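Have a look at the structure below, then the notes.
From a predicted model like this one, the values you see are computed outputs, not experimental measurements.
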2 protein chains.
Amino acid sequence: MNIGDVSTRSGLPAKTIRYYEDIGLVKPLRGKNGYRTFREQELHKLAFLGRARALGFTIEDCRRLMALYDDDDRSSSDVKRVAEEHLAYINAKIADLKSMSNTLSHLIEECSGDNRPDCPILEDLGGQQASN
Amino acid sequence: MNIGDVSTRSGLPAKTIRYYEDIGLVKPLRGKNGYRTFREQELHKLAFLGRARALGFTIEDCRRLMALYDDDDRSSSDVKRVAEEHLAYINAKIADLKSMSNTLSHLIEECSGDNRPDCPILEDLGGQQASN
DNA sequence: GCTTGACCTTCCCCCAACTGGAAGCTTTAA
DNA sequence: TTAAAGCTTCCAGTTGGGGGAAGGTCAAGC
């Protein structure tokens with residue numbers, strides 16, 4: 001398989017696949033024309049990577065997870081720990097974003113959105129006390 | 001005011017303040033020793049930037065918001081639009097993260113987390129059908 | 001006056017995880 | 001034969017700064 005086929009079948013852009021090779025996540029063979037040659041094995045790894053990335057795992061997490069995947073003597077607790085740490089990170093991020101969303105929603109609600117200059121959004125950003 | 005004072009008073013790292021000058025968000029004067037000299041005006045702008053960034057606005061959004069802030073003839077509708085677009089972006093991101101969080105939570109729940117290798121998390125990432 | 005330490009300057013590289021594009025092969029289809 | 005499509009490497013850019021080096025400046029203490 002050339003990179004184009006693997007790209008189609010894995011759903012990952014060719015650029016990304018080359019990048020993953022660069023950083024040592026996959027190691028395709030090379031044909032005598034210099035083209036990368038992928039086996040099912042690499043396709044499978046790339047699909048794994050695609051799914052892990054879609055769950056938001058960092059590249060370094062992916063590296064760890066793949067190492068565990070390849071290790072028949074792994075403990076599921078090691079996998080679980082990686083996942084739990086990532087979940088905590090995601091949940092923290094959700095909390096941050098929700099806080100922003102709440103603040104923004106309130107400000108937007110109060111803004112008349114007409115052609116006058118008065119705007120509680122800018123007042124808030126400008127640090128002025130609300131004039132009530 | 002030198003950059004250190006402004007940093008303390010605005011809560012922004014000196015590095016960040018220099019960066020904001022680099023990209024044209026603030027334009028402090030210069031003393032004859034080459035030091036940046038900030039007036040209350042710049043401090044105020046930096047505080048504005050800090051608050052806008054804390055709400056997740058991109059630098060380019062901040063640039064637009066500051067321009068509107070400085071424009072006495074603005075329409076609050078312009079401000080509102082920027083804020084609404086940003087809110088939509090944030091809410092989309094929250095939805096993405098929640099989806100990840102849900103998937104991860106389920107997988108983690110099913111993982112025994114012991115010293116055996118069997119792990120539904122890896123099975124899922126590996127793309128295998130769950131053996132139910 | 002001198003030294004020391006804090007503060008300031010510019011400059012350049014680094015981060016994540018790619019993406020875009022240029023220049024130049026190879027392969028394939030017409 | 002030739003044109004298009006596909007592949008290669010390499011370099012630069014993205015966001016929003018952070019780290020740190022090399023060097024100038026300032027204020028305090030002696």
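- Take A:Lys98 and apply the side-chain contact (heavy atoms from CB on, under 4.5 Å) test, not counting sequence neighbours, and it matches A:Ile94, B:Ile94, B:Lys98.
- Backbone-only contact: A:Tyr20 has heavy atoms under 4.0 Å from sugar-phosphate atoms and none from a base.
- Taking a 4.0 Å limit (strictly below) on heavy-atom distances, residues 1-10 of chain B reaches DNA chain C at B:Asn2, B:Ile3, B:Gly4.
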| said: Show, in sequence, the C-alpha distance, side-chain angles and deciding distance for A:His44 and A:Tyr69, and conclude whether the side-chain contact (heavy atoms from CB on, under 4.5 Å) test is met. | reply: CA-CA 12 Å; A:His44 190 228; A:Tyr69 189 62; 3.1 Å; yes
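- Contacts of B:Arg36 classified as side chain to side chain donor-acceptor pair (under 3.5 Å), with partners at least two apart in sequence or in another chain: B:Glu21.
- For the pair A:Arg39 and A:Glu42, the salt-bridge criterion is met [side-chain N within less than 4.0 Å of a carboxylate O].
- As a whole-Å value, the separation of A:Leu46 CG from C:dA17 C1' is 15 Å.
- Nucleotide C:dA16 holds its P atom 10 Å from the CZ atom of A:Arg63, rounded to whole Å.
- When all heavy atoms of B:Leu122 and A:Leu65 are compared, the closest pair comes out as CD2-O, 3.8 Å.
- With sequence neighbours left out, A:Asp73 forms a side chain to side chain donor-acceptor pair (under 3.5 Å) with no residue at all.
- Comparing C:dC8, C:dT27, C:dT19 by their nearest atom to the side chain of A:Pro13 picks out C:dT19.
- Rounded to an integer number of Å, the gap from B:Glu21 CD to C:dC11 P is 12 Å.
- If you check the side chains of B:Ser76 and A:Asp114, you find a donor sitting under 3.5 Å from an acceptor.
- In this structure, the CG atom of B:Asn33 is 10 Å from the C1' atom of C:dT9, given to the nearest Å.
- Distances shown here put every side-chain N or O of B:Arg36 at or beyond 4.0 Å from the OP1 or OP2 atom of C:dC7.
- In this structure, A:Thr16 and B:Ala14 both approach DNA chain C, and ranking their closest nucleotides by distance from the 5' end singles out B:Ala14.
- Atom CZ of B:Arg116 has 12 or fewer heavy atoms from other residues, nucleotides or ligands within 6.0 Å.
- In summary, contact between chain B and DNA chain D, defined as any nucleotide atom under 4.0 Å from a heavy atom of the protein, begins and ends at D:dG16 to D:dC26 in the 5' to 3' direction.
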Review item, nucleotides 20-23 of chain C N/O atoms under 3.5 Å of protein N/O:
| unit_1 | atom_1 | unit_2 | atom_2 | d |
| --- | --- | --- | --- | --- |
| C:dG20 | N7 | A:Lys15 | NZ | 2.9 |
| C:dG20 | O6 | A:Lys15 | NZ | 2.8 |
| C:dG21 | O6 | A:Lys15 | NZ | 2.3 |

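- Among all heavy-atom pairs drawn from A:Arg53 and A:Cys62, the shortest one is CD-SG, 3.8 Å.
- Of all heavy-atom pairs spanning B:Arg63 and B:Ile23, the tightest one is NH1-O, 2.8 Å.
- Side-chain N/O atoms of A:Thr58 include none lying less than 4.0 angstrom from OP1 or OP2 on C:dA16.
- Residue B:Arg18 is classed as a base contact, given a heavy-atom separation below 4.0 Å to a base.
- Each of B:Ser10, B:Pro28, B:Ser7 was compared with B:Leu46 under the side chain to side chain contact (heavy atoms under 4.5 Å, CB included) criterion, and only B:Ser10 meets it.
- Between B:Phe57 and B:Lys32, the residue whose closest nucleotide on DNA chain D is further toward the 5' end is B:Phe57.
- Distance, A:Asp61 CG to C:dA16 C1': 13 Å, rounded to whole Å.
- In this structure, A:Arg64 does not pair ionically with A:Asp78, as no charged nitrogen and carboxylate oxygen lie closer than 4.0 Å.
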